[in-house]
**Student:** 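Below is one structure. I have some questions about it.
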Amino acid sequence: MLKLDESLLSGLPPFSRLSRSQIREILDQASSRRYEEGVAIFREGHDADRFFLLLDGYLRVIRTTPGGEQIIVLHISPGQLFGIAPALQRDTFPATSVAAAESIALSWPVRLWPEFTAKYDGFATESYKTLGARLGQIQETLTEMATQAVEKRVAAAVLRMVNQSGRKTEKGIEIAFPVTRQNISDMTGTTLHTVSRLLSAWEKAGMVQSTRKHIVVTDPHRLVVLSNETG
DNA sequence: CCATTAAGCTAAA
DNA sequence: TTTAGCTTAATGG
């Protein structure tokens, strides 16, 4: 096993209050793994034997609805804990996680969760905080999907990805991981054709610029306006 | 308004 | 060369 550097965790919320030696302790119990784009880290319903932290890359979190459709409920960015079934009092994973780009994640056996929350100051509160924020975001997305018009939903989904992963370029703000039209339709409950048409229209209007699996938002403000419109 | 079907194009594997 | 991603048009709910 390779030696991981303490600086990997020292800046992250669940670990920010910990001493160097405590972080060392945590790292010494972690496994590190790399995942190719498209590979599942774990699948919904499977035995949750470990919990995870994303060091690098981006993940799609996918849930199967009662109807059997797969929807992308959110994305995970570097520095976030994920697959924390123990925090939900569950022994199976509530969703599937797939690498949206090549990614690196640390993981620990679930039996360490009670120890971490008890022993490390701030770990529990920070973990539950992100968990709560995430559940809130899922709820928001789901109600949005049920009530809002398609164009508004797609605009909101693109903006969410920009907010999570946006980096500035000469052209505008780009989504930092590969996204297909199909992916966006899986986030918004529409078809890839509709997403394609919308992106083409927005491109003509000068709001976005996109090539395959790559989107740059050139006029975020107008997209925000679209996402707030009533129709 | 939006989904579905279907056909054609192009970049990437 | 084959396939995955994307576009566009036509049709119909």
Side-chain angles (χ1 to χ4, degrees), chain A residues 33-44 54 56-77 95-104 137-231:
Chain A
R33 235 201 99 178
R34 199 173 63 90
Y35 301 88
E36 300 290 333
E37 179 179 338
V39 167
I41 289 85
F42 52 77
R43 293 189 179 280
E44 181 173 351
L54 186 63
D56 190 41
Y58 289 92
L59 309 182
R60 293 194 286 271
V61 176
I62 300 161
R63 245 171 49 173
T64 308
T65 65
E69 306 133 291
Q70 308 256 298
I71 61 166
I72 299 174
V73 290
L74 55 85
H75 288 90
I76 305 286
S77 348
T96 297
S97 290
V98 174
E102 182 171 317
S103 300
I104 298 172
Q137 210 218 286
I138 292 174
Q139 264 313 308
E140 197 182 309
T141 307
L142 292 182
T143 36
E144 179 185 281
M145 236 160 80
T147 60
Q148 306 301 320
V150 169
E151 185 174 39
K152 187 172 164 167
R153 279 185 269 157
V154 175
V158 170
L159 286 172
R160 253 182 262 121
M161 291 189 281
V162 163
N163 287 333
Q164 276 279 298
S165 80
R167 43 161 106 117
K168 290 202 175 71
T169 67
E170 314 82 53
K171 306 274 188 182
I173 310 173
E174 76 176 350
I175 295 172
F177 52 87
V179 215
T180 65
R181 319 284 144 138
Q182 177 70 62
N183 290 153
I184 298 179
S185 68
D186 289 341
M187 298 172 216
T188 53
T190 181
T191 63
L192 77 151
H193 305 96
T194 299
V195 173
S196 177
R197 279 190 208 96
L198 286 172
L199 285 176
S200 299
W202 294 347
E203 179 135 23
K204 272 178 201 137
M207 301 163 69
V208 303
Q209 213 162 290
S210 73
T211 54
R212 58 166 45 198
K213 293 167 112 182
H214 185 239
I215 298 175
V216 179
V217 177
T218 51
D219 192 343
H221 179 249
R222 282 170 65 209
L223 253 199
V224 170
V225 171
L226 260 187
S227 75
N228 289 327
E229 253 162 30
T230 55

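All chains are named by letter (A, B, ...) in the order of the sequence lines, taking the proteins before the strands, and each is independently numbered beginning at 1.
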**Student:** Rounded to the nearest Å, what distance is computed from the CG atom of residue A/Leu192 to the P atom of nucleotide B/dT4?
**Tutor:**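 The distance from CG of A/Leu192 to P of B/dT4 comes to 11 Å, rounded to the nearest Å.
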**Student:** Would you mind telling me which of A/Thr191, A/Thr190, A/Val195 makes a side chain to side chain contact (heavy atoms under 4.5 Å, CB included) with A/His193?
**Tutor:**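 Only match with A/His193 under side chain to side chain contact (heavy atoms under 4.5 Å, CB included): A/Thr191.
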**Student:** Closer than 3.5 angstrom, by distance alone: can the side chain of A/Thr143 be matched with the main-chain N or O of A/Glu140 as a donor-acceptor pair?
**Tutor:**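 Yes, the answer is positive, given that a donor and an acceptor are paired below the 3.5 Å cut-off.
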**Student:** Looking only at side-chain N and O atoms, does A/Thr64 offer a donor or acceptor that is under 3.5 Å from a partner on A/Arg43?
**Tutor:**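 Judged by distance alone, the side chains do not pair up.
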**Student:** Side-chain donor or acceptor of A/His193 under 3.5 Å from a matching atom on the base of B/dA6?
**Tutor:**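 Yes, a donor-acceptor pair under 3.5 Å.
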**Student:** Identify which nucleotide among C/dT8, C/dA4, B/dC2 has an atom closest to any side-chain atom of A/Arg212, counting heavy atoms from C-beta outward.
**Tutor:**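 So the side chain of A/Arg212 is nearest to C/dA4.
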**Student:** Hey, is the side chain of A/Arg197 pairing donor to acceptor with the base of B/dT4 inside 3.5 Å?
**Tutor:**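 A donor-acceptor contact between them is present.
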**Student:** Report the distance from atom CH2 of A/Trp202 to atom P of C/dC6, rounded to the nearest whole Å.
**Tutor:**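 My rounded result for the distance is 15 Å.
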**Student:** B/dA13 P sits how many Å from A/Glu37 CD, rounded?
**Tutor:**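 It works out to 9 Å between those atoms.
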**Student:** Is the shortest side-chain N/O distance from A/Thr191 to OP1 or OP2 of B/dT4 below 4.0 Å?
**Tutor:**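 No, outside the criterion.
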**Student:** Using a 4.0 Å heavy-atom cut-off across all strands, classify A/Thr180 as base, sugar-phosphate, or nothing.
**Tutor:**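 If one applies the 4.0 Å heavy-atom cut-off, A/Thr180 turns out to touch the sugar-phosphate alone, with no base involved.
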**Student:** Find the distance A/Lys213:NZ to B/dA13:C1' and express it as a whole number of Å.
**Tutor:**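 Roughly 11 Å, once rounded to whole Å.
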**Student:** Rounding to a whole Å, what distance do you find between A/Gln182:CD and B/dT4:P?
**Tutor:**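 Between P of B/dT4 and CD of A/Gln182: 12 Å.
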**Student:** B/dA3 P sits how many Å from A/Glu69 CD, rounded?
**Tutor:**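 Distance check: A/Glu69 CD to B/dA3 P gives 12 Å.
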**Student:** To the nearest Å, how far apart are A/Ile184 CD1 and C/dA4 C1'?
**Tutor:**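 These atoms are roughly 16 Å apart.
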**Student:** For B/dA3, does either OP1 or OP2 sit under 4.0 Å from a side-chain N or O belonging to A/Thr194?
**Tutor:**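 Answer yes for this pair, as a side-chain N or O of A/Thr194 is under 4.0 Å from OP1 or OP2.
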**Student:** Can you check the A/Glu151 CD to B/dA3 P distance for me, whole Å?
**Tutor:**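 Spelled out: CD on A/Glu151 to P on B/dA3 is 12 Å.
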**Student:** Looking only at the side chains, is there a donor atom on one of A/Ser77 and A/Gln164 sitting less than 3.5 Å from an acceptor on the other?
**Tutor:**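 Side chains of A/Ser77 and A/Gln164: pair found under 3.5 Å.
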**Student:** So, OP1 or OP2 of C/dT8: does either fall under 4.0 Å of a side-chain N or O from A/Ser200?
**Tutor:**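 For C/dT8, OP1/OP2 do have a side-chain N/O of A/Ser200 under 4.0 Å.
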**Student:** Can you give me the closest heavy-atom contact between A/Pro220 and A/Ile173, atom names plus distance?
**Tutor:**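 Heavy atoms only, the tightest pair is CG-CD1, 3.9 Å.
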**Student:** Contact class for A/Ser210 vs. all strands (heavy atom < 4.0 Å): base, sugar-phosphate, or nothing?
**Tutor:**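 It contacts nothing in the nucleic acid.
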